[in-house]
There are 2 protein chains.
Amino acid sequence: MEIIDTSNTKDAEAIEIFKEFLENNGFRKTPERFAILSEIYHRNDHFDAEALYVHMKKSDYHVSRATVYNTLDILSQCNLIAKHHFDGHVTRYEKTYGVPAHDHMICTKCGKITEFRDERIEAVRKDVAANSDMEVTGHALIVYGECKDDCTTGFSPAH
Amino acid sequence: MEIIDTSNTKDAEAIEIFKEFLENNGFRKTPERFAILSEIYHRNDHFDAEALYVHMKKSDYHVSRATVYNTLDILSQCNLIAKHHFDGHVTRYEKTYGVPAHDHMICTKCGKITEFRDERIEAVRKDVAANSDMEVTGHALIVYGECKDDCTTGFSPAH
DNA sequence: ATAGTTGCAAAAGCTTTGCAGTATG
DNA sequence: CATACTGCAAAGCTTTTGCAACTAT
């Protein structure tokens, strides 16, 4: 088990992948889509659609909520972002290109997220695939807990 | 790794635990709450609030949605049920008393859920606790995949 | 030109909340 | 008999959808 840091800004490569995906699947290459991708690849947190929408509204490139949701969906399809359901309220996303596969540990008091990698998870996936009638396509492991130091400044979901 | 079967009906014990919890925490012992607990402990699936509401409406003991949500919350507090966020749409629940700890594998095409146990997960939890500044209180591992046989009869979430 | 996209607002779906009436302790 | 609980409906929030205007190809 190792705690990892996933921050990076490989947006140049991500843009290329996105272009290809759009072309190969008959989608249009609109400036809104690239503006959203760029915004996402400059963040290092686990954001939700609303946070992305609000941040882009303030920035130089305004896009509508509908476009945000639409683009998040396309980016999920081509695996440039991952979708998370840490709780029942909102779907959260994070960039994935250039980021090692990892899982999440989250503090239920303050929302702080720590990312880690553990090769045993991969072994479990293989075993599950072998012992069931299913082809495994993905997984999500979320470890819930509470910070030992006082993290009493309230719950800030995006980390 | 082993696939497990979690069906059972230990409702007698669960009722006792619920009674104690309600008493110790200043909650009232209303018939609605026990009717809901009983309904839950006679199911062996991963249900959502609406399914429970609809089923109880048809049965001999009608309760309101508000009461369903309220009671599900209390039952979570005393660990008689577990909450799951398999996808971003609805929160699902399952009974936990008398059920071995386990994780879930879910087919993204038909919604079929298979339950399994793997002792390596417990090891990962311990490692995460040791390598972070967090006290681990729980976890959720969901393995996503697709049935190999054709499960084309559509998505039925409750399994 | 012509279809895919955007933006806006309305609608949908799950969950929470307010309040008047009810029943538990 | 005081106050927590229930039921109902309304409100709240996130996400989806319908449609006219727009634009990438």
Side-chain angles (χ1 to χ4, degrees), chain A residues 15 18-37 39 46-78 81 83-93 111 155 157-158, chain B residues 18-37 39 46-78 81 83-93 155 157-158:
Chain A
I15 289 169
F18 195 32
K19 270 186 189 158
E20 262 185 58
F21 182 85
L22 293 175
E23 279 167 12
N24 297 340
N25 294 80
F27 289 116
R28 287 186 181 170
K29 298 194 280 282
T30 68
E32 289 83 0
R33 287 173 177 166
F34 288 102
I36 291 170
L37 175 62
E39 167 61 24
H46 301 79
F47 59 93
D48 61 32
E50 186 65 17
L52 184 61
Y53 168 72
V54 168
H55 192 274
M56 295 206 64
K57 194 175 197 171
K58 284 185 208 157
S59 80
D60 45 345
Y61 210 106
H62 177 271
V63 293
S64 69
R65 275 195 190 79
T67 301
V68 166
Y69 278 101
N70 174 321
T71 304
L72 286 173
D73 186 47
I74 299 174
L75 288 170
S76 291
Q77 285 178 45
C78 60
I81 62 175
K83 257 174 135 142
H84 297 295
H85 309 293
F86 295 133
D87 57 51
H89 301 298
V90 296
T91 299
R92 294 211 260 152
Y93 305 85
F155 194 89
Chain B
F18 196 32
K19 270 185 188 157
E20 262 185 56
F21 182 85
L22 293 175
E23 279 166 11
N24 297 341
N25 293 81
F27 289 117
R28 287 185 178 168
K29 298 196 280 282
T30 68
E32 288 83 0
R33 286 174 178 165
F34 288 101
I36 291 171
L37 175 63
E39 166 61 23
H46 301 80
F47 60 92
D48 60 30
E50 187 65 17
L52 184 60
Y53 168 73
V54 169
H55 193 274
M56 295 206 64
K57 195 175 196 172
K58 284 186 209 154
S59 79
D60 43 348
Y61 209 106
H62 176 269
V63 293
S64 69
R65 275 194 190 81
T67 300
V68 166
Y69 278 102
N70 174 321
T71 303
L72 286 172
D73 186 46
I74 298 174
L75 288 170
S76 290
Q77 283 177 47
C78 61
I81 61 175
K83 257 175 133 141
H84 297 295
H85 310 292
F86 296 133
D87 58 52
H89 301 298
V90 296
T91 299
R92 293 210 261 152
Y93 304 85
F155 195 90

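In this text, all values refer to a predicted model and were calculated from it rather than measured experimentally. Letters A, B, ... are given to chains in the order of the sequence lines, protein chains preceding strands, and every chain is numbered from 1.
In this structure, CG of D73(B) is placed 10 Å from P of dT17(C), rounded to the nearest angstrom. Atom NE2 in H62(B) sits about 7 Å away from atom P in dG7(D), given to the nearest Å. dT5(C) atom P lies 11 Å from atom CG of N25(A), rounded to whole Å. For Y53(A) and dT6(C), the OH to C1' distance is 13 Å, given to the nearest whole Å. The distance between atom OH of Y69(B) and atom P of dC8(D), rounded to the nearest whole Å, is 16 Å. Between K57(B) atom NZ and dG7(D) atom C1' there is a gap of 12 Å when expressed in whole angstrom units. One atom, CD of E50(A), and another, C1' of dC13(D), lie 9 Å apart when rounded to the nearest Å. If you measure from atom CZ of R33(A) to atom C1' of dT6(C), you get 9 Å, rounded to the nearest angstrom.
The residue among F27(B) and H89(B) whose nearest nucleotide of DNA chain C lies closer to the 5′ end is H89(B). The nearest heavy atom of DNA chain D to T71(B) and to G88(B) marks one nucleotide each, and the one closer to the 5' end goes with T71(B).
Residue H55(B) qualifies as open at atom NE2: its count of foreign heavy atoms under 6.0 Å is 12 or below.
Residues I74(B) and F21(B) are in side-chain contact: their nearest non-hydrogen atoms beyond the backbone lie under 4.5 Å apart.
Of the candidates dG7(C), dT5(C), dC5(D), dT5(C) carries the atom nearest the T30(A) side chain, counting heavy atoms from C-beta on. Distances were taken from every side-chain heavy atom of S64(B) (C-beta onward) to each of dG7(D), dT6(C), dC8(C); the shortest belongs to dG7(D). For A66(A), the side-chain atoms get nearest to dG7(C) when compared with the rest of dG7(C), dA24(D), dT15(D). In the set dC14(C), dT15(D), dG7(C), the nucleotide with an atom closest to the side chain of A49(A) is dT15(D). In the set dT6(D), dT15(C), dT6(C), dT15(C) carries the atom at the smallest distance from any side-chain atom of R65(B).
Between the side chain of R28(B) and the base of dT3(D), a donor-acceptor pair under 3.5 Å is found.
Each of E39(A), M56(A), R33(A) was compared with V63(A) under the side-chain contact (heavy atoms from CB on, under 4.5 Å) criterion, and only M56(A) meets it.
Here the side chain of R92(B) pairs no donor or acceptor atom with the backbone of H84(B) at under 3.5 angstrom. In this structure, the side chain of N25(B) does not engage the main chain of F27(B) through any donor-acceptor pair within 3.5 Å.
Phosphate contact (OP1/OP2 of dT15(D), side-chain N/O of T91(A), threshold under 4.0 Å): present.
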